[in-house]
Amino acid sequence: MLPVLLRLSFTTLWMQLLLYAAAVGVVASVAVNGWRGTLGPVDSKTGKEGPASLQDKLLRAVAFAAVGGFLAYFGLMYALPADAFPGGKGEGIPLHTYGVLLAAGFVTAVSVAGRLAQDEWRRVSFVEGRGWVDTEGPQKREQVLDMAFWVLVGGLVGSRVLFVLVNWQDYARDWTQVFSLGGGLVFYGGLIGAGLAAFLFARRHGLDFLRLADVCIPTVSLGQCLGRLGCFSAGCCWGDMAGSHSHTGVTFPGSGLAQDLFGQLGRASSLAYGSQAGDDRFVVEATGQVLHQAAPGAVRISDWVAQHGTTLPVYPTQLFESVGQLVLFVALLYARRFRRFHGHIFALWLMAYACLRTTVELFRGDVERGTLHGLLESLGAQGLAGAVPLEAWYNVSTSQFISLCMFTFGALLMARHRPAGEAAGLGPTPSAA
């Protein structure tokens with residue numbers, strides 16, 4: 001595993017100037033995209049979109065630039081030293097495998113969603129001087145690409161908010177850490193935030209949200225397929241003890257064992273190692289059984305990892321979910337051929353992913369992710385928390401509870417589906433698969 005691919009430092013003047021130039025370029029690019037993506041007013045009689053006004057373009061470009069500038073400010077403050085940027089932390093820019101794969105998943109998902117949207121709304125019309133061309137598909141593709149920016153912002157905010165809520169007892173001591181760049185993210189929080197952003201975008205631009213969801217939701221699984229590989233590289237979202245005799249068990253390294261692309265040893269340990277290094281429970285190494293008290297054949301988890309420099313063998317739950325997400329993406333693309341109503345694919349994804357995530361959660365071992373035991377303990381109900389051991393099957397996690405709600409919503413959506421046919425606006429789309 002390569003937790004960090006490369007670490008860029010900005011200690012020299014020319015590297016600092018290069019970073020400033022890159023930040024300016026990013027903000028300018030975001031502003032230009034905002035300018036170009038401005039939509040004009042739609043004629044109520046013809047239904048055609050007119051040219052956008054100069055004022056609308058300027059306002060949109062400024063808004064995009066403001067958001068880009070806000071993000072660039074925090075990036076510069078994190079990367080540059082204090083003598084090059086006020087309040088700089090001088091951490092440089094580490095290219096984490098997790099971040100690279102997460103970004104690759106997002107870009108891939110957005111690109112595929114744009115193509116699917118173009119096929120979904122394909123409308124061939126005769127245009128004088130151009131012949132028969134698709135007049136609506138490319139416009140919808142651009143709208144989906146435009147929506148991706150707001151989905152990204154909503155996803156980041158939502159994933160961070162849910163992480164803080166799950167670990168609120170840690171942040172209650174110092175609320176300034178809520179805005180720390182070194183904090184964690186939660187997929188379900190990102191899904192909720194991104195979904196809300198997409199819903200508001202659809203309302204703002206007059207799009208059928210359920211039809212849009214049918215187009216975009218399979219690509220969420222495609223992006224998460226790559227994102228979970230990033231989790232594996234970072235050693236987060238790890239599984240329960242697999243036992244030394246398990247053929248599926250994997251270990252995650254401690255500090256000074258993981259290398260980058262150039263063979264240099266990293267300074268930080270994997271998240272799984274850091275967690276097990278502070279775990280005072282006991283484990284039977286051969287079977288992976290976790291105990292709360294010493295027993296014959298059991299060893300303290302923290303002592304074992306300190307001696308070996310790696311974690312105990314754990315289930316690679318990140319890989320389990322990555323494979324499951326890829327299968328789900330392919331299956332839903334095929335299921336698009338048999339849609340009966342707008343929201344059909346969306347409902348199938350809600351139920352299928354809820355089952356997938358709940359199953360994977362049964363093999364998870366990171367107690368930090370938020371469970372019923374942890375909630376009762378944080379509320380001071382030690383007696384009740386003791387009645388719900390960490391290893392108990394009924395110690396449901398936050399993700400399992402959300403999965404139950406998500407499955408219920410998907411089932412209700414299936415039960416109340418609209419009839420097929422042109423009355424629902426759903427026609428045959430042979431090229432949409």
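For clarity, every value in this text was computed on a predicted model and none was experimentally measured.
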State whether the side chain of [X] and the backbone N or O of [Y] hold a donor-acceptor pair below 3.5 Å, judged by distance alone.
| X | Y | result |
| --- | --- | --- |
| Thr219 | Leu222 | no |
| Ser233 | Gly230 | yes |
| Ser29 | Gly25 | no |
| Arg300 | Asp280 | yes |
| Asp214 | His342 | no |
| Ser246 | Thr248 | yes |

Does a side-chain heavy-atom distance below 4.5 Å link [X] with [Y]?
| X | Y | answer |
| --- | --- | --- |
| Met147 | Leu212 | yes |
| Leu116 | Leu333 | yes |
| Phe320 | Arg364 | no |
| Leu145 | Glu142 | yes |
| Phe187 | Gln224 | yes |
| Thr358 | Phe407 | no |
| Gln289 | Met241 | no |
| Gln318 | Val360 | no |

For the aromatic rings, using the six-membered ring if either is Trp, is the centroid distance between Tyr315 and Phe363 under 6.0 Å?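 Yes; Phe363 has its ring centre under 6.0 Å from that of Tyr315.
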What about Phe64 and Phe149, are their ring centers closer than 6.0 Å?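 Yes; Phe149 has its ring centre under 6.0 Å from that of Phe64.
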Which pair of heavy atoms, one from [X] and one from [Y], lies closest together, and at what distance?
| X | Y | answer |
| --- | --- | --- |
| Ala352 | Leu328 | CB-CD1, 3.5 Å |
| Ala117 | Val144 | CB-CG2, 3.6 Å |
| Ile301 | Val283 | CG1-CG1, 3.8 Å |
| Ala198 | Val151 | CB-CG2, 4.2 Å |
| Cys216 | Ala113 | SG-CB, 4.2 Å |
| Gly410 | Ala347 | O-CB, 3.5 Å |

Arg115, CZ atom: more than 12 neighbouring heavy atoms under 6.0 Å: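 No, not enclosed.
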I'd like to know if Asp119 pairs up with Arg122 as an ion pair, taking the criterion as any Lys NZ or Arg NE/NH1/NH2 lying under 4.0 Å from an Asp or Glu carboxylate oxygen.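 Salt bridge present between Asp119 and Arg122.
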Ion pair Arg339/Glu120, N-O distance below 4.0 Å: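 Yes, charged N to carboxylate O under 4.0 Å.
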Ignoring hydrogens and angles, state whether a donor on the side chain of Tyr188 or Ser403 is under 3.5 Å from an acceptor on the partner side chain.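 Yes, because at least one side-chain N or O of Tyr188 sits under 3.5 Å from a partner of the opposite role on Ser403.
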Spacing of [atom1] belonging to [X] relative to [atom2] belonging to [Y], to within rounding of 0.5 Å:
| X | Y | atom1 | atom2 | result |
| --- | --- | --- | --- | --- |
| Lys57 | Trp35 | NZ | CH2 | 6.0 Å |
| Arg211 | His344 | CZ | NE2 | 16.0 Å |
| Asp366 | Cys237 | CG | SG | 6.0 Å |
| Ser221 | Leu332 | OG | CG | 6.5 Å |
| Ile217 | Leu210 | CD1 | CG | 11.0 Å |
| Leu326 | Phe329 | CG | CZ | 8.0 Å |

Could I get the full list of side-chain hydrogen bond (donor to acceptor under 3.5 Å, both in side chains) partners for [X], not counting sequence neighbours?
| X | answer |
| --- | --- |
| Trp150 | none |
| Ser275 | Glu368 |
| Arg357 | Tyr353, Glu361, Ser399 |

Given Gln276 and Phe252, is the side-chain contact (heavy atoms from CB on, under 4.5 Å) satisfied, shown in steps? CA-CA 10 Å; Gln276 290 193 6; Phe252 293 95; over 6 Å; no
Taking the inter-plane angle between the rings of Phe74 and Phe70 on a 0 to 90° scale, is it parallel (under 30°), tilted (30 to 60°) or perpendicular (over 60°)?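 Perpendicular: the ring planes of Phe74 and Phe70 meet at over 60°.
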Below 30° counts as parallel, above 60° as perpendicular, anything between as tilted: where do the rings of Tyr20 and Phe85 land?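 Correct class here is tilted.
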Determine, step by step, whether Phe199 and Phe209 satisfy the ring-ring contact (aromatic ring centres under 6.0 Å, His included) criterion, reporting the C-alpha distance in whole Å, the side-chain angles of both residues, the deciding distance to 0.1 Å, and the verdict. CA-CA 6 Å; Phe199 176 77; Phe209 173 72; 5.3 Å; yes
Suppose the criterion is salt bridge (Lys or Arg N to Asp or Glu O under 4.0 Å): which pairs have a residue in residues 228-252, not counting sequence neighbours?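 Residue pairs passing salt bridge (Lys or Arg N to Asp or Glu O under 4.0 Å), neighbours aside: Arg228-Glu321.
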Please, which pairs that meet salt bridge (Lys or Arg N to Asp or Glu O under 4.0 Å) have at least one residue in residues 186-201, sequence neighbours excluded?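 Every pair satisfying salt bridge (Lys or Arg N to Asp or Glu O under 4.0 Å) with a residue in residues 186-201: there are none.
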List the steps and the verdict of side-chain contact (heavy atoms from CB on, under 4.5 Å) for Leu350 and Phe346. CA-CA 6 Å; Leu350 289 173; Phe346 181 48; 3.9 Å; yes
Determine, step by step, whether Phe201 and Asp146 satisfy the side-chain contact (heavy atoms from CB on, under 4.5 Å) criterion, reporting the C-alpha distance in whole Å, the side-chain angles of both residues, the deciding distance to 0.1 Å, and the verdict. CA-CA 9 Å; Phe201 184 92; Asp146 195 21; 4.2 Å; yes
Salt bridge (charged side-chain N to carboxylate O under 4.0 Å, His left out) against Arg36, all qualifying residues, sequence neighbours excluded: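 Checked Arg36 against salt bridge (charged side-chain N to carboxylate O under 4.0 Å, His left out); zero matches.
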Intermediate values then yes/no, side-chain contact (heavy atoms from CB on, under 4.5 Å), Val26 and Leu71: CA-CA 10 Å; Val26 169; Leu71 297 176; over 6 Å; no
